[in-house]
2 protein chains.
Amino acid sequence: MTTIYDVARRSGVSPATVSRVLSGRRNVDPELSEKVRAAVAELGYRPNGVARNLRKSSTNLWAVVISDIENPFFTSLVRGLEDVAQTEGYHVVLCNSDEDPAKEAAYASAVLTDQMAGVVISPTSTAEGVQLLADAKIPLVMIDRRVEGVEADTVLVDNEHGAFEGVKHLIDGGYQRIACITGPRKVSTAMDRLSGYRSALRAGGIRYDKDLVRHADFREAGGYAAMESLLELADPPEALFATNNLMTVGALECLARKGLRAPDDIAVVGFDDIPWADLVVPSLTTVAQPTYELGRTAGMLLKDRTTSPGRPPSTVTLRTELHIRATSAPKK
Amino acid sequence: MTTIYDVARRSGVSPATVSRVLSGRRNVDPELSEKVRAAVAELGYRPNGVARNLRKSSTNLWAVVISDIENPFFTSLVRGLEDVAQTEGYHVVLCNSDEDPAKEAAYASAVLTDQMAGVVISPTSTAEGVQLLADAKIPLVMIDRRVEGVEADTVLVDNEHGAFEGVKHLIDGGYQRIACITGPRKVSTAMDRLSGYRSALRAGGIRYDKDLVRHADFREAGGYAAMESLLELADPPEALFATNNLMTVGALECLARKGLRAPDDIAVVGFDDIPWADLVVPSLTTVAQPTYELGRTAGMLLKDRTTSPGRPPSTVTLRTELHIRATSAPKK
DNA sequence: CTGTTAGCGCGTTCAC
DNA sequence: GTGAACGCGCTAACAG
């Protein structure tokens, strides 16, 4: 491997000067500078990033810890983050936690061991992993979910308001018996969206009926099972609000399997878009989240945190947007 | 920061012994070993990965260079790769090239600078980036696409055969005027799938009509435009074979916009699945690729290449699978 | 089996 | 504006 010493010898200067030329941090005589550049080209020299990292005790890596990259919500978010990373000179390390606190903790630990420059994380229900990172005072942005007791920059969407709007839209369409499939009790998004559902019912003068609420796991199979159980009620719901994309898909699949159609048999509003929601039959009404922006914002916060570590933690809340399509057409 | 020297002092042994205990590579007296572990726990010592990397002149990072993580094909592939990475002790660095040779080359360069342990890449049409990596003799696996003149482990699917089957299925359904929307001329998958299309026509005794073929860019808008142009033909096609998922979606959107329905107005077979193809209306017939397996296989090859660098490069070809759904129902 | 020693390649003092 | 020298934290080689 050719090192900075080889370049120095070849160009007749000291290694320190080569370093200065390459990092461009200080003034160097243009003539020497030119010699160095020539030597670099001739030797095909490439700086050793690892050595540089050791010396500076920090890397150019950002970790993004999410539950599953295959969920389009995270896919788009990660893309937003990576675009910022690229312009800022960082690389993104992808960490799928699968909602498993152990995996999450392992990644958090690796983040510290490998001296990564920052982390964006969508925390699982236990705070262990996030806490480790927060304690280490590494630049940290929580995304999508709040965690009680952890002070860090945070990017959220207006979950409660978004859910409110989605459910209100159903009520405005004449639906009264509206079911809700939400996520685990410990996850802030699940609770906030459930809470928006309840507010909308209240505002619409509809009594809250806990038999119409299901807690599932934010996954497709969970949505399917929850839908199935709702359909077994003596008096099944005439509309459904599902609090994430995968559970909505599961519910739709359940309906299709049973030969039921939206909105005629049951109207549907989902939280979070799915790709090509227009092509689904009938097209799916959703409370859309600005997923790409979520990632982008997290990237900006991470960058700001790095440049000015002292700043008090801030929380950015982005707006959701109701996308009215066919599954929520007014009751006939 | 607490270092290996602090641990050594605290436990009354040499730094080397601490290193041996922590890496577990050589036998150490159990008693000393215990002392070391105790000291590690007391001090909350965490090894410095960067220093370790410098010393070993290699990192625990794998790069995956793809055109866009938002394409479900790559999403799933990356997930497959990451699962292998995790069990083998690597992290995955995500690199979106957007089919831009300059971005790809920049990432390739960063891979070398940062001493990453290996790369999985879906090459753009120009070979520059891949060539750089191949010349550097870094463990390298090409996925999805072949590149002429570059010797490296490769994972592909049986593009030609898959396309053949998809088109044959249309012919068997009674369709004769079958159009094809394929990708750029320089991309191997585009050409291989086009070639399978032609073979199927030939086998079905149908004359090849180049007016029915469009070269687009593998993206949604390209598929849309190509479909539009096909519909403007004096004698429009009665069936369509599109060679990737995004262009298929684009074509479907074009049809929907024009009020045309599959398969009654035009039958459709797409190459590569999309998530929830069942929910699309009508459900979409596809030549499905084992995307997760593609990534997993790439990971295995990368690992093998690392453990036995001498082995001659191998090419693994995985099978596609025809998923017959509604858009290709036989002609009435 | 253990300790001593010497770098891995670089950036950054500190003198000049 | 430049060079000499040191050390970031670790592990591999060697000697014992």
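Letters A, B, ... are given to chains in the order of the sequence lines, protein chains preceding strands, and every chain is numbered from 1.
- Dashed line: the shortest gap from a side-chain N or O of Thr3(B) to OP1 or OP2 of dG9(D) is not under 4.0 Å.
- Residue-level contact check: Pro15(A) touches neither bases nor backbone, having no heavy atom under 4.0 Å from any strand.
- Across dG9(D), dC10(D), dC10(C), the shortest atom-to-atom separation from the side chain of Ile4(B) is found for dC10(D).
- Between Ser57(A) and the phosphate of dC8(D), there is no side-chain N or O to OP1/OP2 separation shorter than 4.0 Å.
- Within 4.0 Å of Val50(A), counting heavy atoms only, lies no atom of the nucleic acid at all.
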Original post:
Checking side-chain hydrogen bond (donor to acceptor under 3.5 Å, both in side chains) for the pair Ser109(A)/Arg46(B): CA distance, chi angles, key distance, verdict?
Top reply: CA-CA 9 Å; Ser109(A) 178; Arg46(B) 174 187 300 285; 2.9 Å; yes

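- Going from atom CZ of Arg9(B) over to atom P of dG3(C) covers 14 Å, rounded to whole Å.
- Side-chain atoms of Lys186(A) and Arg145(A), non-hydrogen and from C-beta on, never get closer than 4.5 Å to each other.
- Atom pair Tyr5(A):OH and dC10(C):P shows a separation of 9 Å (rounding to whole Å applied).
- To the nearest angstrom, P of dG1(D) lies 11 Å from CG of Leu32(A).
- One atom, CG of Leu22(B), and another, P of dG9(D), lie 15 Å apart when rounded to the nearest Å.
- Side chains of Tyr107(B) and Asn96(B): a donor-acceptor N/O pair is absent below 3.5 angstrom, by distance only.
- Between Ser19(B) and dC10(D), a side-chain N or O to OP1/OP2 separation shorter than 4.0 Å is absent.
- Side chain of Ser14(B), nearest nucleotide from dG9(D), dG3(C), dT11(D): dG3(C).
- A 4.5 Å side-chain heavy-atom check between Val155(B) and Met142(B) finds every atom pair outside the cut-off.
- The distance from atom CZ of Arg20(A) to atom P of dG1(D) is 10 Å, rounded to the nearest whole Å.
- Contact of the Glu88(A) side chain with the Thr306(A) side chain is not registered, since no non-hydrogen atoms from C-beta on lie closer than 4.5 Å.
- For Leu54(A), whose side chain is taken as the heavy atoms from C-beta onward, the closest listed nucleotide among dC10(C), dG3(D), dG9(D) is dG9(D).
- Whole-Å rounding puts the Asn53(A) CG to dT12(C) C1' distance at 16 Å.
- Within 4.0 Å of Val28(A), counting heavy atoms only, lie sugar-phosphate atoms of the nucleic acid but no base atom.
- Atom-to-atom, CG of Asp29(B) to P of dG3(C) comes out at 10 Å; the value is rounded to the nearest Å.
- Interface remark: the Arg55(A) side chain does not form any donor-acceptor pair with the dG9(D) base, using a distance-only criterion of under 3.5 Å.
- Considering only the side chain of Ala16(A), dG3(D) comes nearest among dG11(C), dG3(D), dC10(D).
- Regarding Gln115(B), its CD atom lies at a distance of 10 Å from the C1' atom of dC8(C), rounded to whole Å.
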